[in-house]
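Have a look at the structure below before the remarks.
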Amino acid sequence: MDDKQSNQVGRAQKDATFLTSHAADLTATPEIGTTLLPLLKTQIETALDNDALATQDNTGHTEDKSDDRTNLEDAVFHVATGLVSYADDAEDFVLQNMIEFPVSAIQGFRDIRLAQYAETVLDKVAVPAIATALAAKHNVTTAAITELQTLTTNFKNKIAIPLEKRAEAAAYGKLVDRNISAINQTLDKIRRKLNTYRKTNRLLYDMFEAVDVLDSFGQGGSASNTISGTIGAGETKQAIPITAFAATTPVKLLNKGTTTLAFIAYLNGVANGTLVTVPAGATVQTNLGALANNADAIYVQNTGTLLGSWGITL
């Protein structure tokens, strides 16, 4: 979520907490407690879950693909150089010009271009006479051709994964937009019902008005804010940015889920502080200076096997 979206969800979380704690004061409008409040809580959790999927880390897929790419570059260059040697002997200049590329050029191919080049080489060596000649005179064995076939197939499958993951993340990002719109619609209904209490319970009405405001977190404001979210099993991700580091700034780290989480300060994308472990359901009150001597973000880690739920008040 961006700052604007986070602030809207944060407001909804504050409203939901307030309405839950004042359920006994809302019996004159029973739909709030029976329908709207449960719906709001569900919508908030859905938005947070979809945001976790929208910001999922695909680094592992990319690194895995990178290893396969290096292996494919080596394999295709080996078979291609054998083909070029064969074309040279056969004076097949069309084949030679089609296949001959320096290794630096092959390494510079985009993923799709590399896969296409490998398939072109495989098409040529699929001719039995050429394959036999390569094995006999040009230092390219049948095993090398088989290896190239396997590596090409694997690479084509791998390059599709990051693309699919990015598309999936973008789709979940659009769902977050819809989730927040739904949250705001539910809040509008709740506000209209709360307006009826202005005369009958002015204190309740005024308190809700004070709670039902957008915080300015991430937008130049200085108000204390609680930002919440979910984190998948085995995941590490940025929880909140720190726009102005001050050692005395109080920080509250909340674990609202059922699996242990850890929080750590980062600076320029690198861990730069003391890891703070927070058991399930617990809260740790500290300050920025206790986390690190400098930081521009706080990250949350989930090394468990269950979905985690966290909150930070800064």
Side-chain angles (χ1 to χ4, degrees), residues 1-7 9-10 13 48-67 70 161-162 165-166 168-169 172-173 176 215-314:
M1 294 184 192
D2 59 25
D3 293 334
K4 182 178 178 181
Q5 291 172 321
S6 295
N7 292 337
V9 173
Q13 289 175 315
L48 293 174
D49 289 345
N50 285 337
D51 181 59
L53 293 168
T55 56
Q56 59 189 312
D57 185 2
N58 297 318
T59 305
H61 295 297
T62 302
E63 291 175 349
D64 194 14
K65 183 205 72 177
S66 179
D67 292 339
T70 299
I161 293 176
K165 290 295 182 181
R166 284 196 292 270
E168 181 182 62
Y172 277 111
V176 171
D215 292 325
S216 56
F217 181 81
Q219 300 180 44
S222 58
S224 175
N225 300 271
T226 297
I227 301 301
S228 301
T230 57
I231 181 168
E235 186 179 8
T236 297
K237 69 178 182 180
Q238 180 175 307
I240 61 171
I242 300 172
T243 55
F245 182 90
T248 57
T249 300
V251 181
K252 185 184 293 184
L253 308 174
L254 302 90
N255 185 341
K256 304 189 292 181
T258 57
T259 186
T260 298
L261 298 178
F263 298 82
I264 188 168
Y266 269 59
L267 181 65
N268 298 323
V270 179
N272 188 50
T274 302
L275 191 72
V276 179
T277 300
V278 182
T283 298
V284 172
Q285 181 71 55
T286 183
N287 57 53
L288 287 181
L291 294 179
N293 57 11
N294 194 12
D296 56 17
I298 296 176
Y299 278 60
V300 60
Q301 296 179 354
N302 179 5
T303 58
T305 59
L306 302 175
L307 182 71
S309 180
W310 57 271
I312 297 178
T313 299
L314 179 61

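Along the sequence shown, the residues carry numbers beginning at 1. Source: prediction; values computed, not measured.
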Heavy-atom closest pair (A292 atom, A265 atom, distance to 0.1 Å) is CB-CB, 3.7 Å
Check: N255 side chain, V278 main-chain N or O, donor-acceptor pair, under 3.5 Å: yes
So, T283 and K252: side-chain donor and acceptor under 3.5 Å apart, yes or no? no
Which distance, rounded to the nearest 0.5 Å, do you find between the CD1 of I312 and the OG of S228? 9.0 Å
Tell me, which pairs form a ring pair (Phe, Tyr, Trp, His ring centres under 6.0 Å) where one or both residues lie in residues 231-289, sequence neighbours left out? Y266-Y299
Find out whether W310 and I231 are in side-chain contact, i.e. whether some heavy atom of one side chain is under 4.5 Å from a heavy atom of the other. yes
Atom pair OG1 (T313) and CG (L253), whose distance is rounded to the nearest 0.5 Å: 9.0 Å
Contact between L288 and I242 at the side-chain level, heavy atoms closer than 4.5 Å - yes or no? yes
Looking only at non-hydrogen atoms, find the nearest pair between N287 and A247 and report the distance. OD1-O, 3.3 Å
Taken to the nearest 0.5 Å, the spacing of D296 CG from L267 CG works out to 5.0 Å
Under a 4.5 Å cut-off applied to non-hydrogen side-chain atoms, are L261 and V300 in contact? yes
Between I298 and I264, is there a side-chain heavy-atom distance shorter than 4.5 Å? no
S309 OG to L48 CG distance, which is reported to the nearest 0.5 Å: 7.0 Å
Flag the pair N272 / N293 as yes when at least one side-chain heavy-atom distance between them is below 4.5 Å, and no otherwise. yes
Counting C-beta onward and ignoring hydrogens, is there a side-chain heavy-atom pair between T274 and L291 closer than 4.5 Å? no
What are the two closest heavy atoms between Q285 and P250, and how far apart are they? NE2-CB, 3.9 Å
Could you measure the distance from the NZ atom of K237 to the CD atom of Q301? Nearest 0.5 Å is fine. 13.0 Å
Flag, side chain of T259 to backbone of G308, donor-acceptor distance under 3.5 Å: no
